[in-house]
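In what follows, chains are A, B, ... by sequence order, proteins preceding strands, each numbered from 1.
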Number of protein chains: 2
Amino acid sequence: MPWDMPRFRNWIAVAKVHVLVEKAMAAGLAPLQLKLPHYDILANVYRFSGLTQQELADRMLVGRSNLSMLLPELERRGLVKRVPDSEDRRVRRLSLTAEGRMLTLRALKVQVQVIENMMAALSAAECEALGDYMRRVGHHMLANPLSADSAV
Amino acid sequence: MPWDMPRFRNWIAVAKVHVLVEKAMAAGLAPLQLKLPHYDILANVYRFSGLTQQELADRMLVGRSNLSMLLPELERRGLVKRVPDSEDRRVRRLSLTAEGRMLTLRALKVQVQVIENMMAALSAAECEALGDYMRRVGHHMLANPLSADSAV
DNA sequence: TTGATTTTGTTCAAGGCTGAACAATATAGT
DNA sequence: ACTATATTGTTCAGCCTTGAACAAAATCAA
C-alpha cells in the first residue's frame, strides 16, 4: 500500500508538519486579531510594496477573487492602502499604512517564533539541507507539472 | 528582516511546495469528482476501517464539526458507511463501501503520482533525510507547543 | 483605425473549515 | 444512587477559497 512506501510517508510527514505550523501560527496571530490569510497579505505587501493585486495573488498562490474579498477588510481596518496605478487604469497598487507596518512586524515576530521553535529540532546543516531539498522540489514541480491526462 | 534568515526561508520553501502539491492533488482528483478533504477522509477510513469520527478528526487534524458536514455527502454518494457503535451510543464507526474502496485506490494512485513526480527531484537518501527531519520536527512541535503568552 | 484578444479586479454562488453551543450519552466521584 | 464532568456528534454563524461570469481597460494583429 502507498503508506508503506518511504516517499509517500516522507511526504505525509511534511504535510503533517505544515498543518501543525498553520495551527501554531493561527494561535499566535489570534491576539493580534489576525487570521493567516490576512497576515500573508500584510507580509507580502510589506516586503513588496507597490505590487498589484494580480502580482500578490501570484505570490500567495491564490485566486485574485479571494484577494478582492480580503483586501477591503484590511483597507477598512486601516492597515492597507489600494492606490490606482498612474498608467494602467485597471490596476491598483498595494502598500501598508504605518499601522499596517507595525502590526506586520509584530506578526512577523510570531512567525519567526513558530519557525524557530519548529527548527529547534534540527541542526543548522539539517535545516539548510531541508531548504535546499524543498527549493529544488519546488522548481522541479513548476518545471514539470503533471499533465491532466496522466493521473487516471 | 525575517525573510533574510535561512530558517525562515527554508520554511517558506516547505510551505510553497505544500501549496504546489495541494494544487497538483486537486487537479489530479478532479476527474474522480473528489476534493482533497473528501479524499483525505476516504484514504484514512480505508486504512483505519472502523474508526470513530473523533478519531478521524484527530488523524486529519480537523474539527469534528467539519466531518459532520463532509461525511453525509460521502455517505450520500455511497462511498462511506456510518454505523452506530455496539457499545457506546454516542459513537458512529466509519467504513468504506466496495465502491468507496475502488475510488480510494484510484485516488491513491493520483497521490502516489504527485508524490513520485515531486520526489523525482531528490535522491533516495535526500528523500529519506527529508522524512527524518519532518518526523522529528513534528514530534518536537507536538511535545513543545508554544504557549499562548509567549508570542506577543 | 478597427476588431479581436488578453488582462485586471469585482461579484457571485458554492463549498470547506473553524469554534461555540447544544443534546445525548458515558465516565468519574462521592 | 446520585451529581458533576467529560465525550461524541450535530447544528449554526461567520469566513476563506475557488472558479465562472462580467465590465473596463490594455494590448495585439490586420
Taking atom [atom2] of [N] as reference, at what distance in whole Å does atom [atom1] of [X] sit?
X     : N      : atom1 : atom2 : value
B:K35 : D:dC16 : NZ    : C1'   : 14 Å
A:M69 : D:dG19 : CE    : P     : 16 Å
A:R89 : D:dA24 : CZ    : P     : 12 Å
A:L71 : D:dC16 : CG    : C1'   : 13 Å
A:M60 : D:dT18 : CE    : C1'   : 14 Å
B:L56 : D:dT8  : CG    : P     : 13 Å
A:R92 : D:dA23 : CZ    : C1'   : 14 Å
A:D40 : D:dT17 : CG    : P     : 8 Å

At 4.0 Å (heavy atoms only), tell me whether [X] reaches a base, stays on the sugar-phosphate, or touches nothing.
X     : answer
B:D88 : sugar-phosphate
B:L70 : sugar-phosphate
A:L67 : nothing
B:R64 : base

Measure distances between side-chain N and O atoms of A:S65 and base N and O atoms of D:dG19, and say whether any donor-acceptor pair falls under 3.5 Å. yes
Please tell me whether A:D58 and A:Q54 have a donor and an acceptor in their side chains that are separated by less than 3.5 angstrom.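 A:Q54 and A:D58 do have a side-chain donor-acceptor pair below 3.5 Å.
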Ignoring hydrogens and geometry, is there a side-chain-to-backbone donor-acceptor pair from A:N10 to A:P6 under 3.5 Å? yes
Under 3.5 Å: donor-acceptor pair, side chain of B:D85, backbone of B:R93: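 Side chain of B:D85 to backbone of B:R93: no pair is present.
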[atom1]-[atom2] distance between [X] and [Y], expressed to the nearest 0.5 angstrom:
X      : Y      : atom1 : atom2 : value
B:M119 : A:H140 : CE    : NE2   : 11.0 Å
A:I12  : B:Q111 : CD1   : CD    : 5.0 Å
A:L96  : A:L103 : CG    : CG    : 9.5 Å

Given D:dC16, D:dT8, D:dT18, identify the nucleotide with an atom nearest to the side chain of B:K23. D:dT18
Side chain of A:R90 only, heavy atoms from C-beta on: which candidate in D:dT8, D:dA26, D:dT17 is closest?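 Nearest to the side-chain atoms of A:R90, counting from C-beta on, is D:dA26.
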Heavy atoms within less than 4.0 Å of DNA chain C: which residues of residues 72-87 of chain B have one? Give them sorted by number.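 Those residues whose heavy atoms fall under 4.0 Å from DNA chain C, taken from residues 72-87 of chain B in numerical order, are B:E87.
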Please step through side chain to side chain donor-acceptor pair (under 3.5 Å) for the pair A:R82 and A:Q53, ending with a clear verdict. CA-CA 9 Å; A:R82 296 198 287 167; A:Q53 291 186 200; 2.9 Å; yes
Report yes or no: is the cationic atom of A:R59 (NZ for Lys, CZ for Arg) under 6.0 Å from the centre of the six-membered ring of A:F48, at an angle within 45° of the ring normal? yes
Heavy-atom distance under 4.5 Å between the side chains of B:L108 and A:W3, does that happen here? yes
Please determine whether the number of non-hydrogen atoms from other residues, nucleotides or ligands lying under 6.0 Å from atom CZ of A:R135 exceeds 12.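 Yes.
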Using a 4.0 Å cut-off to any heavy atom of chain A, which nucleotides of DNA chain C are the first and last in contact, reading 5' to 3'?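 Listed 5' to 3', the contact boundaries are C:dT7 to C:dT18.
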